[in-house]
Number of protein chains: 2
Amino acid sequence: MNTPESIKKTSSYHHGNLKESLLTTALEMVDKEGIDALTLRELTMRLGTSRSAVYRHFPSKEALILGVIEKGYERLDLLLTPIFQDKHSSVAERFDRMGREYLDFAIHHPTLYRLLFGDKYHREREELCDYKDENQATGLYALIGLLLEAQEQGIIAQANPMVQAAMVWASIHGLASLLIDGHLLMRENMEEIYVYSQSVLLNGLKRIPKDE
Amino acid sequence: MNTPESIKKTSSYHHGNLKESLLTTALEMVDKEGIDALTLRELTMRLGTSRSAVYRHFPSKEALILGVIEKGYERLDLLLTPIFQDKHSSVAERFDRMGREYLDFAIHHPTLYRLLFGDKYHREREELCDYKDENQATGLYALIGLLLEAQEQGIIAQANPMVQAAMVWASIHGLASLLIDGHLLMRENMEEIYVYSQSVLLNGLKRIPKDE
DNA sequence: ACCTGAACACCGTTCAAGT
DNA sequence: ACCTGAACACCGTTCAAGT
C-alpha cells in the first residue's frame, strides 16, 4: 500500500497480472461450465477488462487455451507423481492407485480431460506453444518407469516398455473417455469394470507373446 | 422424363430429396474436411438452396448432425457385422479382424469416428433423435456375442460378458483415440502395439480374477 | 407444402485512438 | 506499454414474404 507499485497494482487500469488471471479464470470456466462457455466476451467481462486486452498477452484464443491445457497437465501431474514416487507401496498397489487417480481426474474434470487428451488443440501445439511437450509425456514416462520396476520384480513379462505403456494407457484412457462421454451405461458398475480391467491387464502382461 | 413427377424432380425449386442430400453431403464434408468445415452456409451453397431450407427438414444444425451420426453408425456396422457373422473363421480370428477393421475405420475417418464416439453430440441424442439407440449398441452387442462364443469354447474365462466387452472395447477405443488425436507418437509401431494389445487382452481374459 | 432473402444475436479478431 | 471501443467478417437461427 506504501510503494507506488502497490498503488499501481490496485488501479483499475493496470490489471496487475492479467495474463495469469486470464489463464486461471479460463481454466475455471472450462472446468465448471464447459468449453463452449469460454468466450472472450464472458471471460474479459468477469475480469473487468475489454475483449481486446486478451490479445496483449495471447496471439489468439487458441493460444490462451493452450495455456489452460498446460495448467491442466500440471494439475494432473501433481496428482500422479506422488503416487508414482511413493516407494513405500508395492508396484501393484501404485499401479492400481495411479489408475484410480487418473480415472477420478477424468470423471471430476471431464471438459478439462477432453481438452488435454482430445485432438482439437493438439495438432497446433507444436506451432503455437513456446514450451516443450515434456509435460505431456511425464505421465506416460511415470507409467513406463512403473512398468520397468514391475519387469525387474518379475511381476510382468519383459517386453518393450513403450509398447506396454501405450497399451495400458490406451485401456485406461478408453475407459475414461467412454465413461465421461456417456457411452458406457454402467456408471454404477464402474468399480467392477475397473477392477476387472486392472486384473485383465496385469494377467495379460504376465506372459510374453511369443507366437506369430 | 415423361411423368409430371420426374419433371417436378428436375425442377430447380423443388430439390427432390433435399433431406437425403443434406445428410449425404454433410457426412462427406465432415469426413473429408473436418467438423468445423460443416457450416450451413457452405452446405446449402453446395446443394444450391438457401440456408433456411435446412430448417424444413431438421429443427437445428445439431439435429442434422445427429442424422449424420446415424449414417456413420450404419457404415461402421456394415463393416463389422460380416466379420462377426463369418462362422467359417475361428473366434480368435474374428476377434482380431474386428479389432483391425474398427481401428482402420477410426484411422481413415477420424472426424466421423470422434463424432460417433465423442461427447459433443451424445448427451442430446435421447432428446432430439426419433430413432432408438439400437445402432449405437449393435457393435457392442456383436462384441458381447463373440465373447460369449469364446467363453463357450473355453478360450476365455467365464465372466460377465458386459464387463468383458466394456473392457475390450475401451482398450481398442483408447488405442484408436490416442492414435487419431496424435497422442501416440508411434504410428509406425502401430502394428506392433496392436498385436501386443490383442495378446495381452486374450491372455488376460483367460484367467478368472478371483482374489480381491 | 416448400423455399427465399433480409434481419437478428452471437462469436473471434482487428485497429485507430486514448492514457 | 497497455488498454479501449467501434468495426469487421463470420456463424446459427428466425420470420415475413413469395410460389
Side-chain angles (χ1 to χ4, degrees), chain A residues 4-23 25-27 29-30 33-69 111 115 120-121 123-124 127-128, chain B residues 4-23 25-27 29-30 33-69 111 115 120-121 123-124 127-128:
Chain A
E5 284 77 13
S6 67
I7 294 169
K8 202 172 154 195
K9 267 191 180 176
T10 52
S11 116
S12 70
Y13 182 77
H14 287 90
H15 195 280
N17 202 345
L18 182 56
K19 184 168 184 175
E20 191 60 25
S21 301
L22 284 168
L23 285 173
T25 308
L27 188 142
M29 289 176 69
V30 162
E33 300 161 52
I35 184 68
D36 290 337
L38 178 63
T39 68
L40 295 189
R41 278 163 170 80
E42 182 63 27
L43 174 62
T44 52
M45 195 161 67
R46 293 190 187 185
L47 292 173
T49 59
S50 74
R51 288 195 283 285
S52 34
V54 176
Y55 293 88
R56 288 296 117 199
H57 304 281
F58 301 96
S60 64
K61 183 189 180 184
E62 192 174 19
L64 168 72
I65 292 182
L66 292 179
V68 171
I69 289 179
T111 309
L115 216 52
K120 187 124 199 190
Y121 301 94
R123 294 273 167 79
E124 298 82 359
E127 304 158 19
L128 271 169
Chain B
E5 283 77 11
S6 67
I7 293 170
K8 201 170 155 197
K9 268 192 180 175
T10 53
S11 118
S12 68
Y13 182 76
H14 288 90
H15 196 279
N17 201 344
L18 181 56
K19 183 167 184 177
E20 192 61 25
S21 300
L22 284 168
L23 286 172
T25 308
L27 189 143
M29 288 176 69
V30 163
E33 300 161 54
I35 185 68
D36 290 338
L38 178 63
T39 68
L40 294 188
R41 277 163 170 80
E42 182 63 29
L43 174 62
T44 51
M45 196 162 63
R46 292 190 188 185
L47 292 173
T49 60
S50 74
R51 288 196 283 285
S52 34
V54 176
Y55 294 88
R56 290 292 117 198
H57 303 283
F58 301 96
S60 63
K61 184 189 180 184
E62 193 174 21
L64 169 72
I65 292 182
L66 292 179
V68 170
I69 290 179
T111 309
L115 215 52
K120 188 124 203 201
Y121 300 95
R123 293 273 167 78
E124 298 83 357
E127 304 157 19
L128 269 168

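Here is the naming used below: chain letters follow the sequence lines, and residue numbers restart at 1 for every chain.
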Does A:Arg46 have any side-chain hydrogen bond (donor to acceptor under 3.5 Å, both in side chains) partners at least two apart in sequence or in another chain, and if so, which?
A:Glu33, A:Glu42
Separation of atom CG in A:Leu22 from atom C1' in D:dC2, rounded to whole Å
13 Å
B:Val30 side chain reached by B:Ile65 side chain, heavy atoms, under 4.5 Å
no
Of the non-hydrogen atoms in B:Leu40 and B:Thr44, which two are nearest, and what is the gap between them?
O-OG1, 2.6 Å
Closest approach of A:Ala53 and A:Leu18, non-hydrogen atoms and distance?
CB-CD2, 4.0 Å
Under the side-chain hydrogen bond (donor to acceptor under 3.5 Å, both in side chains) rule, collect the residues that match up with B:Arg41, sequence neighbours excluded.
none
Roughly how many Å is it from CG in A:Leu47 to P in D:dC3, rounded to a whole number?
11 Å
Please answer whether the main-chain N or O of A:Leu38 pairs with a side-chain N or O of A:Lys61 as donor and acceptor at a distance below 3.5 Å.
yes
CG (B:Leu22) and CZ (B:Arg56) are apart, to the nearest 0.5 Å, by 13.0 Å
Results of side chain to side chain contact (heavy atoms under 4.5 Å, CB included) for A:Ser52 - residues two or more places apart only:
A:Ser50
Measuring to OP1 and OP2 of D:dC3, would you say a side-chain N or O of A:His57 lies under 4.0 angstrom away?
yes
Report, as a single string ordered 5' to 3', how protein heavy atoms within less than 4.0 Å touch nucleotides 5-16 of chain D: B base, S sugar-phosphate only, - not at all.
B-B---BBBBB-
Counting only Watson-Crick and G-U wobble pairs with both atom distances below 3.5 Å, the stems of 3 or more consecutive pairs that include DNA chain C are C:4-8 with D:12-16, C:12-16 with D:4-8
